[in-house]
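Here is how names work: the chains are called A, B, and so on, in the same order as the sequence lines, proteins then strands, and each is numbered from 1.
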Amino acid sequence: MPELPEVEVVRRGLSDHVVGRTVARAVLTGSRVARRHAAGPTDLTDRVAGARILAADRRGKYLWLVLAPPEDDTLALVVHLGMSGQLLVQHAAAAPEKHLHARFDFTDGGPQLRFVDQRTFGGLALAELHADQRGAPDGVHVHGIPAPVLHIAPDPLEPAFDRAGTVRRMRSRDSEVKRVLLDQSVVSGIGNIYADEALWRAGVHGRRSASALTRPALGRVLDHAAEVMREALGQGGTSFDALYVNVNGASGYFDRSLAVYGQTGRPCPRCGTPVLREQFMNRSSHFCPRCQPRPRVSR
DNA sequence: CTAAGCTCCTGCAGGC
DNA sequence: TGCCTGCAGGAGCTTA
C-alpha cells in the first residue's frame, strides 16, 4: 500500500521523467478516475492539454504536478494513489494495462505518463494552488498547496515539520494513539504498515489513549515513524527503474525489514515473543504483546 | 469542532 | 472444480 515513502519514490520518478515537458493531451477511461474533479472529466482533459509541467510536489500521501497552462494561472493536477494506484512512464507503443484509467501524451513525443489502478480508490483532480496554511515556508512547496490538500497536515519528512506542535495536537485527541497516527489531518503520510512499525519501535500499543501518553512518549512514536519511513525510502529507491514509476505494496525491498506488519506468529525481532494480529478499525494491527503491552483499562 | 462507522473497489486465499 | 466469504485498506462522507 502506498504510504509516504512509496509516494515519494513516485514523486522522484515524476521529477526525473515528466517535469519540464508539455502535455499534448490527456485521455481518461471512464469517469471514476476523475470523480473528485467536480467540473468533470472533460474539463480536466481540456485544461491539462498544452500545459507545461513545472514541478512534482508531495505532502503526505498526496502528490501533485504543478502545471502552467498556456493561457491560465498555475494549477495542480492532484494525484492520490489510494490502495493500488500506479503512475507509469511508458512508451506509447506499449499495450494498455488492464486497469489503465488515464494517459498523458507529451508534445515531445516521448514516453507517456499513465495512471493504472486496480482497486480504483485512487484518482486525479485539477485544483488551484493556495498559500500553505499548515506548514512554515520550507523551500519545497514554493508553488503552494492544492485546495484538496489544504486539510492535510505536514508530514514528518518535511523540512519545516513542527514536531512539538504535532505532539501537542496528538495529545489533545481523545482517541487511541494508532487512530491519531492514521489521521492525516494530525500528521500525514503514515498508513497502516508504518503505524504498526513505528508503534512497535516505540514499544507502545496502538490502543493506548493518545491523551494518556506523555509528550516525550508521543515524540518518540513520531520520531520512530519518521525514521522507519526514511529507512523505507532509502530502500525503495533501489528498485526504481528508469521507465517505470511504480508503487505496489511496501516500497522496494523494505518488506524484508518489517518487524511486525504481516508477521503474525513470527518472533518479535526484539524479544522473540510471537507477533499478534488483531482487528482494529476494520483492518489489522500487528504488535508484540511483550514489548507493547495492551492498555490495562479499556477505553 | 471532534470521533467513529460506512463505503467505494478488485483480486486472491482459504474453506467446503 | 467451483462457489462463497473474508480480507487487503485510504480517505471522503455521514452521523451523532
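Contact annotation for A/Arg277: backbone-only contact, meaning every heavy-atom pair under 4.0 Å involves sugar-phosphate atoms and none involves a base.
Across every non-hydrogen atom of A/Val140 and A/Pro159, the tightest pair is CG2-CG, 3.8 Å. When all heavy atoms of A/Gly165 and A/Asp162 are compared, the pair lying nearest together is N-OD1, 2.9 Å. Here the closest heavy-atom approach between residue A/Arg11 and residue A/Asp57 is recorded as CD-C, 3.8 Å. What you find for A/Val180 and A/Ala210 is that their closest heavy atoms are CG2-CB, 3.9 Å.
Rounded to whole Å, the distance from CG on A/Leu4 to C1' on C/dG10 is 14 Å. Per the geometry, CZ belonging to A/Arg207 stands 10 Å off P belonging to B/dA4, to the nearest Å. At whole-Å resolution of the value, OH in A/Tyr194 and P in C/dG10 are 12 Å apart. Rounded to whole Å, atom P of B/dA4 lies 10 Å from atom CG of A/Asp183. In this structure, A/Leu81 atom CG and C/dG10 atom P are separated by 12 Å, rounded to whole Å. If you measure from atom NE2 of A/His286 to atom P of C/dC7, you get 12 Å, rounded to the nearest angstrom. A straight line from CD of A/Gln86 to P of B/dG11 spans 13 Å, rounded to a whole angstrom. Atom CG in A/Leu182 sits about 15 Å away from atom C1' in B/dG5, given to the nearest Å.
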Could I get a table of every N or O pair under 3.5 Å where one atom is in the protein and the other is in nucleotides 7-10 of chain B?
none

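In terms of phosphate contacts, A/Ser175 brings a side-chain nitrogen or oxygen within less than 4.0 Å of OP1 or OP2 of B/dA4.
Checking C/dC7, C/dG12, C/dG10 against the side-chain heavy atoms of A/Met83 singles out C/dG10 as nearest. Comparing atom distances between the A/Asn192 side chain and each of C/dG12, C/dG10, C/dA8 picks out C/dG10 as nearest. Checking C/dG10, C/dG12, B/dG5 against every side-chain atom of A/Lys61, the shortest atom distance belongs to C/dG10.
Between A/Phe287 and A/His205, the ring planes are perpendicular. Angles over 60° get that label, and only those under 30° would be called parallel.
Both A/Met281 and A/Arg169 lie near DNA chain B, and the one whose nearest nucleotide falls closer to the 5' end is A/Arg169.
By the 4.0 Å N-to-carboxylate-O rule, A/Glu231 lies close enough to A/Arg201 to be salt-bridged with it.
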- Message: Please evaluate residues A/Asp43 and A/Arg47 with respect to the criterion salt bridge (Lys or Arg N to Asp or Glu O under 4.0 Å), reporting the C-alpha separation (whole Å), side-chain torsions for both, the decisive distance (0.1 Å), and the verdict.
- Response: CA-CA 6 Å; A/Asp43 177 80; A/Arg47 291 166 67 194; 3.0 Å; yes

